[in-house]
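Only one structure is covered here, and it is reproduced in the block below.
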Number of protein chains: 2
Amino acid sequence: MAKDLTSRENDYSQWYNELVSKADLAEHSSVRGCMVIKPYGYSIWEKMQAVLDKKFKDTGHSNAYFPLFIPKSFLSKEAAHVEGFAKECAVVTHYRLKTDPETGGVIVDPEAKLEEELIVRPTSETIIWNTYKGWIQSYRDLPILVNQWANVVRWEMRTRLFLRTAEFLWQEGHTAHATAEEAIAETEQMLDVYADFVENWMALPVVKGRKTPNERFAGALDTYCIEALMQDGKALQAGTSHFLGQNFAKAFDVKFTGKDGKLDYVWATSWGVSTRLMGALVMAHSDDDGLVLPPKLAPIQVVVVPIYKSDEEADKITEVVKKLKKDLEDKGISVKYDNRDTQRPGFKFAEWELKGVPVRIAIGARDLENQTVEVARRDTKEKMVLQMNDLANKVEHLLEEIQDNIYQKAKAFRTDSITKVDTYEEFKQVLANKAGFVSAHWDGTPETEQQIKDETKATIRCIPLDNPLEEGKCILTGKPSTQRVLFAIAY
Amino acid sequence: MAKDLTSRENDYSQWYNELVSKADLAEHSSVRGCMVIKPYGYSIWEKMQAVLDKKFKDTGHSNAYFPLFIPKSFLSKEAAHVEGFAKECAVVTHYRLKTDPETGGVIVDPEAKLEEELIVRPTSETIIWNTYKGWIQSYRDLPILVNQWANVVRWEMRTRLFLRTAEFLWQEGHTAHATAEEAIAETEQMLDVYADFVENWMALPVVKGRKTPNERFAGALDTYCIEALMQDGKALQAGTSHFLGQNFAKAFDVKFTGKDGKLDYVWATSWGVSTRLMGALVMAHSDDDGLVLPPKLAPIQVVVVPIYKSDEEADKITEVVKKLKKDLEDKGISVKYDNRDTQRPGFKFAEWELKGVPVRIAIGARDLENQTVEVARRDTKEKMVLQMNDLANKVEHLLEEIQDNIYQKAKAFRTDSITKVDTYEEFKQVLANKAGFVSAHWDGTPETEQQIKDETKATIRCIPLDNPLEEGKCILTGKPSTQRVLFAIAY
């Protein structure tokens with residue numbers, strides 16, 4: 001099976017497409033730009049959701065649900081927002097089909113035209129702030145800490161599974177606060193929640209930073225982001241957290257009476273991660289044989305494959321596996337016993353490798369005699385023979401080790417892939433070598449940023465949060481600069 | 001607070017609307033027919049989801065996700081299906097907005113018209129069976145047991161929060177099988193799962209039955225349902241499970257090679273429950289003071305209200321409550337300590353009554369002396385003084401007792417609300433008295449069913465699964481009948 005995968009070196013993009021499909025994560029649907037998330041892919045997304053949802057609740061947030069549709073006029077209320085989203089949205093104009101009396105075919109009923117068109121939400125700031133207006137009168141109603149798990153639609157012209165699809169799944173947090181300080185603290189807190197999740201569950205190191213005005217969310221005063229690096233040297237924005245100031249409160253006239261009795265507009269944040277993280281997970285760790293899943297997000301953490309020559313052997317192995325499986329499950333480890341009699345062990349090995357199961361246990365007749373099993377790690381391909389005695393504990397530690405190893409490997413790669421450059425020539429050289437992040441001085445103007453993007457396709461991924469001040473000259477214009485920023489070609 | 005509720009006797013419908021709103025479950029949005037599910041309401045829905053999701057997985061199903069949009073031509077492929085859903089669907093015709101050069105306003109860009117209109121899914125049989133075509137070649141690919149949690153849109157003209165909204169949340173299971181027998185067994189199994197959930201978690205007794213052809217799902221060969229009774233004597237369909245035969249497989253040309261090497265169409269089921277269950281939960285048990293939630297679905301199972309006259313007293317109480325709260329939480333009981341200093345105990349009592357918290361514990365200075373607490377049940381309004389000693393165990397049992405009591409009460413009401421009648425006069429009389437289900441003979445024709453509906457608004461809710469055969473005469477036509485069916489006026 002795995003042999004069929006294009007190698008990363010040959011064609012990284014093709015490798016990704018094939019892997020997503022062959023590993024049963026997702027596929028293109030018949031609806032342009034919309035994907036089907038298949039059960040195996042969805043089970044990974046469910047694990048992500050569960051971890052994130054708990055983190056949101058632990059930080060005081062509740063879930064709620066707001067309408068799929070946004071009246072056209074709402075989108076227009078915040079100027080930058082409509083500018084950012086109007087160009088790529090699905091518009092509902094009618095509410096009924098009918099049978100064409102002439103052709104007998106099904107057509108849109110021209111008499112069922114909506115008075116005002118509805119937009120399928122590309123993001124929900126407008127409909128939510130229109131709702132918050134009814135919820136907020138006084139400082140006692142604040143803060144509002146709400147999250148929504150939902151589908152959103154952005155009519156992208158060029159789509160790729162998980163990375164860029166017309167419809168995708170995400171969560172969007174929308175909070176309301178009495179002061180700017182509190183809203184900024186929330187924005188930063190949620191960035192930390194995202195960074196913690198991506199690093200410690202997805203095993204993917206990120207750079208925390210802020211976007212330049214050019215790259216900000218449409219309607220935000222400040223956009224924080226986490227940026228990760230894929231194996232092909234491209235960056236991927238893994239999550240964003242926006243300080244929205246009073247923009248949406250002003251657009252929807254949401255005021256509150258403060259402790260001092262004065263009326264003021266409410267301060268806002270929003271923050272989100274999406275099924276894009278699935279794409280990042282695939283691209284960050286996987287290899288030419290298939291997925292490499294970090295144990296903490298793997299739907300199946302251990303697969304057990306029996307190797308037998310007779311039914312009698314098979315029965316004996318199954319007896320032992322039953323107990324082993326229970327021991328592992330008692331530790332909260334998810335185990336699949338692959339005892340299909342329609343496939344050979346070699347086929348099964350390749351299949352579970354393709355699907356990224358972190359630990360494979362093979363067990364044959366000789367193992368029963370010796371009270372051993374063969375354990376194979378997906379990340380390093382290392383095989384070892386272990387005594388069955390105390391196996392659950394050993395596997396538990398092995399899973400932790402794999403989680404850590406995957407992270408360390410990605411981190412070492414990321415560290416090697418940040419290059420400081422001081423000239424535009426070097427800058428272009430590094431990009432040509434697909435060498436990842438380029439740390440360079442920039443004069444701080446949107447014009448320079450745009451010109452660099454036009455000439456190299458590289459964008460400023462972020463201004464890192466822990467950036468040291470350093471005098472320098474802009475790589476393009478030579479104008480003075482006080483700090484380096486992080487450029488990359490991005491997904 | 002609670003005093004503000006209209007009583008059920010005065011105006012049941014108004015009582016329901018006020019309760020949903022005042023108890024912070026949901027509200028109407030600015031988008032016609034679409035609701036906002038508020039955090040408290042959503043937290044109940046999340047509990048429902050968690051229980052159902054586990055039951056689906058325990059019966060071998062996996063979750064997946066399919067597109068929000070359905071090409072118009074797909075809907076048309078199954079004749080009954082398009083007939084059932086075309087009249088009330090949201091149609092996407094364009095994919096871009098633009099600024100009107102003349103007015104400066106935001107308009108739909110006429111140049112961004114879709115070649116084929118997309119329907120926002122009212123249900124997903126068509127897009128899913130179009131997908132299954134690529135997944136199924138042989139009997140080895142079967143069964144497919146997939147569920148989806150999603151939002152769907154049906155353009156209802158008259159909407160009510162939870163009960164009938166243009167957009168609602170639901171789950172839809174879609175399974176594919178090699179034989180009709182297996183598909184029917186699945187249909188029945190999922191009906192049992194639903195009945196188990198509604199009876200044992202929602203504490204609401206249901207009648208399991210089958211729909212008449214008139215009331216079947218558009219595209220089904222057989223629709224199974226569970227029907228519940230609300231306090232006003234109206235019935236509510238709480239869940240449906242459909243045997244779809246080979247209709248969708250034929251519409252989307254999904255065939256498989258059997259063990260015998262022969263090619264045949266695949267057999268299908270679909271089954272769903274929605275946020276409508278939230279409406280059923282509210283209407284089934286609540287009273288004139290507010291919600292009555294069954295403990296198994298209550299987001300807050302126990303609220304503790306301190307009663308104090310000084311800060312010193314408050315501190316002492318808080319100290320004791322901390323320990324008590326931990327004891328309860330160790331048993332998996334969710335506890336809210338309402339120590340707001342902005343509200344008086346009476347206000348808090350009324351608020352938590354309104355929100356349906358099953359058990360309220362009040363604790364004051366004298367309680368500390370006596371090592372007692374005052375415990376109030378939401379369902380019976382009964383109050384009792386309990387020794388603090390071993391309180392967690394007592395509360396745990398009390399919650400079980402409340403769950404059971406709510407169910408028994410609803411069941412007794414339901415039993416009293418099934419009336420056998422043998423004449424049309426009696427039939428109309430019972431309906432006029434809002435007396436619930438009417439068990440009557442029917443001649444088995446759609447015409448009679450329709451005439452009864454036109455004249456009385458009552459529909460055949462179901463033909464109960466355990467129906468005894470009994471000779472009789474149709475209440476309307478006097479024609480012979482072999483069994484009674486269950487009529488009611490329904491939500």
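Protein chains get the first letters and strands the later ones, always in sequence-line order, with residue 1 at the start of each.
Between A/R340 and A/D338, at least one side-chain N (NZ, or NE/NH1/NH2) sits under 4.0 Å from a carboxylate O, which counts as a salt bridge.
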Kindly indicate, with the supporting measurements, whether the criterion side-chain contact (heavy atoms from CB on, under 4.5 Å) is fulfilled by B/Q49 and B/Y42. CA-CA 10 Å; B/Q49 283 188 301; B/Y42 200 86; 4.3 Å; yes
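When B/V31, B/I37, B/V108, B/I127 are compared by the number of non-hydrogen pairs under 4.5 Å with chain A, B/I37 comes out ahead. For the set B/E117, B/K38, B/H61, the count of heavy-atom pairs under 4.5 angstrom toward chain A peaks at B/K38. Contact count against chain A (heavy-atom pairs under 4.5 Å) is highest for B/E27 among B/M35, B/E27, B/R32. Ranked by heavy-atom pairs under 4.5 Å with chain B, the list A/D109, A/T342, A/V120, A/N63 is led by A/N63. Comparing B/S30, B/S62, B/S29 by how many heavy-atom pairs each has under 4.5 Å with chain A, the most go to B/S30. For the set B/A112, B/C34, B/C89, the entry with the most heavy-atom pairs within less than 4.5 Å of chain A is B/C89.
Taking both residues in full, the closest heavy atoms of A/W129 and A/A176 are given as CH2-CB, 3.6 Å, listed atom of the first, atom of the second, then distance. Between B/Y40 and B/K355, the shortest heavy-atom distance links the atoms OH-O, 2.7 Å.
Side chain of A/S21 to main chain of A/N17: no donor-acceptor pair is present (N/O by atom type, distance under 3.5 Å, no hydrogens or angles). Without hydrogens or angle criteria, A/R121 side chain to A/F66 main chain gives a donor-acceptor distance under 3.5 Å. Checked by atom type and distance alone, the side chain of A/S334 pairs as donor or acceptor with a backbone atom of A/P299 at under 3.5 Å. For the pair A/E78 (side chain) and A/H81 (backbone), a donor-acceptor distance under 3.5 Å is present.
Listed by sequence position, B/A90, B/V91, B/V92, B/T93, B/H94, B/Y95, B/R96, B/L97 are the residues of residues 90-103 of chain B in contact with chain A, using a 4.5 angstrom heavy-atom cutoff. Of residues 133-151 of chain A, those residues with a non-hydrogen atom less than 4.5 Å from any non-hydrogen atom of chain B are, in numerical order, A/W135, A/V146, A/N151. Residues of residues 162-173 of chain B having a heavy atom under 4.5 Å from any heavy atom of chain A, listed by number: B/E167, B/L169.
For chain B, the nearby part of A/K57 is the side chain; its heavy atoms alone come within less than 4.5 Å. Contacts of A/E83 with chain B are absent, with no heavy-atom separation under 4.5 Å from either backbone or side chain. Using a 4.5 Å cut-off between heavy atoms, A/D53 touches chain B through its side chain atoms alone. Heavy-atom distances place the backbone of B/E88, and not its side chain, under 4.5 Å from chain A. Contact annotation for A/N130: only side-chain heavy atoms (C-beta onward) come within less than 4.5 Å of a heavy atom of chain B. Residue B/I119 touches chain A through its side chain alone, counting heavy-atom pairs closer than 4.5 Å.
Ring-centre distance between B/H174 and B/F248: not below the 6.0 Å cut-off.
In this structure, the separation between CD on B/E351 and NZ on B/K348 is 9.5 Å, given to the nearest 0.5 Å. Here the CG-NZ distance, from B/D253 to B/K77, works out to 9.0 Å after rounding to the nearest 0.5 Å. Note: A/K336 NZ to A/N339 CG = 8.5 Å, rounded to the nearest 0.5 Å. We find the CZ-CZ distance between B/R276 and B/R160 to be 10.5 Å, quoted to the nearest 0.5 Å.
The closest side-chain heavy-atom distance from A/K54 to A/D58 is below 4.5 Å. You'll find the side chain of B/T275 reaches within 4.5 Å of the side chain of B/W45, heavy atoms only. Between B/W155 and A/L114, the closest side-chain pair of non-hydrogen atoms falls below 4.5 Å.
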Review item, side-chain donor-acceptor pairs of residues 67-76 of chain B, under 3.5 Å, at least two apart:
from, atom 1, to, atom 2, distance (Å)
B/K72, NZ, A/V106, O, 2.9
B/S73, OG, B/E116, OE2, 2.7
B/S76, OG, B/K72, O, 3.1

